[in-house]
S.K.: 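Below you'll find the structure I mean.
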Amino acid sequence: MLDRLLLIAEARGLAAAVVINKVDLAVPEELAALSERFRMAGYPVLHTSAKRRIGLDQLGETLSGTVSALAGPSGVGKSSLLNALVPDLDERTREISTATGKGRHTTTWTTLFQIGPETFVADTPGMRQLGLWGVDLERLDELFPEFRPYLGACRYDDCRHLDEPGCAVTAAVEAGTIHPDRYASYRQLVTGEASGAR
Ligand SMILES: Nc1nc2c(ncn2[C@@H]2O[C@H](COP(=O)(O)OP(=O)(O)OP(=O)(O)O)[C@@H](O)[C@H]2O)c(=O)[nH]1
Ligand SMILES: [Mg+2]
Ligand SMILES: [Zn+2]
């Protein structure tokens, strides 16, 4: 899902950062490995804990002066992060969540909060599935920033970077400069989406 979110941001020319929340629960080696995957792709990676108030200054700085949205699966702590950043938002977000009557704090619609003079942050409902709205699949390779340095260098102009000979992208994966998990996501999107599977 994260790779899809990042693709949508790339397709629309939006700056993206990866926030890994709940680091209080993380295994350090796993956190490092996950972070590396996105750092190699060129994205800032932030480590936060809304619960233990870790990384909040850095998150605040990243959001400062922008109009941003917190997006991702349900339950990862998007609303908690926003509440931790701006304590007096708590009541407003709570009001919204109890409106569902379910007793859970699941966000049910997107709300844009102004958290600074020129800083706006949208809290969005968690998503279960994510399509690729507005993403041109023909240009999928260009939407992986870490692929871009290699895109002119494949033997064939119309290389899809799957099993073609002389592919510079798969060579970079083998050389370790493109993360294999990100390449696996690319491969899955090209082969899956092309056949109409979602
Ligand atoms: N251990 C731990 N728990 C957290 C942290 N941040 C949030 N939680 C808990 O995770 C649960 C979900 O948090 P929410 O902030 O509601 O998650 P959300 O991403 O807004 O979820 P949706 O609104 O459904 O999309 C709550 O029980 C939080 O208390 C954290 O840093 N560490
Ligand atoms: Mg929420
Ligand atoms: Zn190629």
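Since the model is a prediction, treat every value here as computed from it, not as a measurement. Note that ligands are numbered from 1 as they come in the structure, with each ligand's atoms numbered from 1 the same way.
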S.K.: Can you give me the closest heavy-atom contact between T110 and A122, atom names plus distance?
M.R.: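 What the structure gives for the nearest pair is CG2-CB, 4.0 Å.
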S.K.: Is it true that R39 and E36 make a salt bridge, defined as a side-chain N closer than 4.0 Å to a carboxylate O?
M.R.: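 No, R39 and E36 are not salt-bridged.
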S.K.: Can you sort out which atoms of ligand 1 are near K78, meaning under 4.0 Å from one of its heavy atoms?
M.R.: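 Answer, ordered by atom number: 15 (O), 17 (O), 18 (P), 19 (O), 20 (O), 21 (O), 22 (P), 25 (O).
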S.K.: Relative to the Zn ion (ligand 3), which of the N, O or S atoms in H161 is the closest?
M.R.: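 Answer by atom name: ND1.
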S.K.: Have a look at A71, G72, S79 and point out the one with the heavy atom closest to atom 20 (O) of ligand 1.
M.R.: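 Closest candidate by heavy-atom distance is S79.
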S.K.: Please report the interatomic distance CZ(F38) to CG(D181), rounded to the nearest 0.5 Å.
M.R.: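 Answer for the CZ-CG pair, F38 versus D181, is 8.5 Å.
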S.K.: Can you tell me, to 10 degrees, how wide the angle at the Zn ion (ligand 3) is between SG on C159 and SG on C167?
M.R.: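 That angle works out to 110° after rounding to 10°.
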S.K.: F147 vs Y186, test: ring pair (Phe, Tyr, Trp, His ring centres under 6.0 Å). Steps then yes/no.
M.R.: CA-CA 10 Å; F147 288 13; Y186 167 82; 5.2 Å; yes
S.K.: Within the 4.0 Å heavy-atom shell around G126, which atoms of ligand 1 are there?
M.R.: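 In order of numbering, the contacting atoms are 22 (P), 25 (O).
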S.K.: Under 4.0 Å from a heavy atom of V76: give me the atoms of ligand 1 that qualify, with their elements.
M.R.: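 The atoms of ligand 1 under 4.0 Å from a heavy atom of V76 are 17 (O), 19 (O).
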S.K.: Could an N or O of ligand 1 be found under 3.5 Å from any N or O of G77, whether backbone or side chain?
M.R.: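 Yes.
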S.K.: Are S79 and T107 linked by a side-chain donor-acceptor pair shorter than 3.5 Å?
M.R.: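 Checked: S79/T107 side chains pair up, N/O donor to acceptor below 3.5 Å.
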S.K.: Using heavy-atom distances, let me know which of I54, D24, T106 sits nearest atom 1 (N) of ligand 1.
M.R.: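 Considering heavy atoms of I54, D24, T106, the nearest to atom 1 (N) of ligand 1 sits in D24.
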S.K.: For ligand 1, which atoms have a heavy atom of S80 less than 4.0 angstrom away?
M.R.: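 Ligand 1 atoms under the 4.0 Å threshold to S80: 6 (N), 7 (C), 13 (O), 14 (P), 15 (O), 28 (C).
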S.K.: Would one find an N, O or S atom of T107, in either backbone or side chain, under 2.8 Å from the Mg ion (ligand 2)?
M.R.: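 Yes - counting backbone and side chain alike, T107 has an N, O or S atom under 2.8 Å.
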S.K.: Please work out whether any backbone atom (N, CA, C, O) or any side-chain heavy atom from C-beta onward of L81 is under 4.0 Å from ligand 1, and answer side chain, backbone, both or neither.
M.R.: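 Near ligand 1, L81 shows nothing, with every heavy atom at 4.0 Å or more.
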S.K.: Which option out of M127, K22, K51 puts a heavy atom nearest to atom 8 (N) of ligand 1?
M.R.: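 It is K22 that holds the nearest heavy atom.
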S.K.: Is the closest side-chain donor-acceptor distance between T48 and N21 under 3.5 Å?
M.R.: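 There is such a pair between these side chains.
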S.K.: Same hydrophobic cluster for L162 and L7, using side-chain heavy-atom links shorter than 4.5 Å among ILVMFWY?
M.R.: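 Yes, L162 connects to L7 through the hydrophobic network.
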S.K.: Minimum heavy-atom separation for A84 and P87, please, with both atom names.
M.R.: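 What the structure gives for the nearest pair is O-CD, 4.2 Å.
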S.K.: Drop me the distance from S49's OG to I20's CD1, to the nearest 0.5 angstrom.
M.R.: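 One finds 13.0 Å between OG of S49 and CD1 of I20.
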S.K.: Counting only heavy atoms, tell me which of P125, G75, A50 gets closest to atom 11 (C) of ligand 1.
M.R.: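 That would be G75.
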S.K.: Check ligand 1 against L25 and write out every atom of the ligand that is under 4.0 Å from a heavy-atom position of the residue.
M.R.: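 In order of number, 1 (N).
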S.K.: Could you see which bit of N21 sits under 4.0 Å from ligand 1, with heavy atoms only: side chain, backbone, both or neither?
M.R.: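 Just the side chain.
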S.K.: Would you say S79 has an N, O or S atom lying under 2.8 Å from the Mg ion (ligand 2)?
M.R.: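 Yes, S79 qualifies, because one of its backbone or side-chain N, O or S atoms lies under 2.8 Å.
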S.K.: One thing to verify: whether E146 and R37 come together as a salt bridge, which I'm taking to mean a side-chain N less than 4.0 angstrom from a carboxylate O.
M.R.: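 Here R37 does not pair with E146 in a salt bridge, since their nearest N and O are not under 4.0 Å apart.
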S.K.: Can you find an N or O of T107 that's nearer than 3.5 Å to an N or O of ligand 1?
M.R.: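 Yes, since at least one N or O of T107 sits under 3.5 Å from an N or O of ligand 1.
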S.K.: I'd like to know if the side chain of T170 pairs up with that of Y183 as donor and acceptor (distance under 3.5 Å, no hydrogens or angles considered).
M.R.: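 T170 vs Y183: no donor-acceptor pair found between side chains.
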